[in-house]
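Counting convention: from 1, in listed order, for ligands and their atoms alike.
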Amino acid sequence: MSKSVNIMLKKIDHIGIAVKNLEDAAVFYKALDIKISHIEEVPEQKVRVGFIYTSETAIELLEPLDSDSPVAKFIEKKGEGMHHICFKVSDIKTTLTTLKNQGYRLIDMEPKSGAHNTLIAFVHPKSANGVLIELSQDIIQ
Ligand code: CMX
């Protein structure tokens with residue numbers, strides 16, 4: 001039985017949806033009276049993101065910044081759609097080390113800068129039942 005890491009799991013932070021264009025995607029949500037309230041570029045991930053907030057889990061719309069972006073490759077291969085699930089964790093480095101030591105395939109060995117003042121890292125979908133998993137830790141200032 002493998003060691004559990006979920007003591008560090010705080011909540012599902014957001015669900016990522018790959019879109020070709022944020023403004024075009026906003027039209028559907030506007031019909032539901034839902035506003036994209038925070039738009040930010042994350043150059044390290046080559047995306048522009050827009051957030052839709054609910055009381056608990058947010059939706060992150062992801063628009064590729066260029067054709068090299070992982071999101072551009074995803075859309076090219078699969079079309080627009082659900083891209084990843086992000087778990088908020090309290091200690092991202094320890095979570096990564098724990099997963100790595102159990103043989104899970106990490107995309108990022110070290111955390112990177114994410115939107116909203118966070119440290120983020122991805123677990124490969126091949127290690128997570130076909131779902132791309134993002135881990136996110138808030139940077140306390
Ligand atoms: N969800 C599920 N499976 C995915 C996937 C996703 N989002 N992206 C790729 N895959 C699958 C592919 O379908 C492929 O599977 P098969 O081999 O069965 O065909 C496999 O993973 C490899 O995919 P690929 O097309 O060859 O693509 P790459 O190897 O070039 O990259 C991945 C795949 C996951 C390593 C890359 O997309 C990555 O590094 N992602 C993490 C970074 C990221 O997505 N950043 C954007 C979000 C930023 C943010 O939230 O701020």
Got a sec: does the NZ of Lys20 have more than 12 other heavy atoms crowding it under 6.0 Å?
-> no

Write out the residue and atom name of the closest protein heavy atom to atom 9 (C) of ligand 1, then the distance separating them to 0.1 Å.
-> Pro125 CG, 4.5 Å

Under 4.5 Å between any side-chain heavy atoms of Glu60 and Glu134, yes or no?
-> yes

What one should report as the nearest heavy-atom pair of Gly81 and Phe74 is O-CE2, 4.0 Å

Shortest non-hydrogen contact from Ala121 toward Ile92 | N-CD1, 3.7 Å

Heavy atoms of the protein only: does one fall short of 4.0 Å from atom 51 (O) of ligand 1?
-> yes

Does Lys78 come within less than 4.0 angstrom of ligand 1, counting non-hydrogen atoms of the residue?
-> yes

If we only count heavy atoms from C-beta on, is the Asp138 to Lys88 side-chain gap below 4.5 Å?
-> yes

Nearest heavy atom to atom 44 (O) of ligand 1 wins, so pick from His84, His83, Gln45, Glu134.
-> His83

Considering heavy atoms of the protein only, find what lies nearest to atom 41 (C) of ligand 1 and give residue, atom and distance to 0.1 Å.
-> Phe122 CG, 3.6 Å

Is at least one protein non-hydrogen atom found at under 4.0 angstrom from atom 13 (O) of ligand 1?
-> yes

Counting heavy atoms not belonging to Asp66, are there more than 12 under 6.0 Å from its CG?
-> yes

Do protein heavy atoms approach atom 3 (N) of ligand 1 to less than 4.0 Å?
-> yes

Does any N or O atom in Lys77 lie less than 3.5 angstrom from one in ligand 1, N or O only?
-> yes

Starting from atom 39 (O) of ligand 1, find the nearest protein heavy-atom neighbour and note its residue, name and distance.
-> Ile107 CG2, 3.5 Å

Knowing that exactly one of Asp91, Leu99, Ile120 qualifies, which makes a side chain to side chain contact (heavy atoms under 4.5 Å, CB included) with Leu135?
-> Leu99

How does Lys126 reach ligand 1, if at all, at less than 4.0 Å between non-hydrogen atoms: by side chain, backbone, both, or neither?
-> side chain

Identify the closest protein heavy atom to atom 36 (C) of ligand 1: which residue and atom is it, and at what distance?
-> Pro70 CB, 4.0 Å

In the protein, which heavy atom is nearest to atom 8 (N) of ligand 1, and how far is it?
-> Phe74 CD1, 3.9 Å

Would the number of heavy atoms belonging to other residues, nucleotides or ligands and lying under 6.0 Å from CD1 of Ile12 be above 12?
-> no

Using 30° and 60° as the class limits, which term best fits the ring planes of His116 and Phe51: parallel, tilted or perpendicular?
-> tilted

Using a strict cut-off of 4.0 Å, indicate which atoms of ligand 1 neighbour a heavy atom of Gly130.
-> 2 (C), 3 (N)

Starting from atom 33 (C) of ligand 1, which protein heavy atom do you reach first, and at what distance in Å?
-> His124 NE2, 4.6 Å

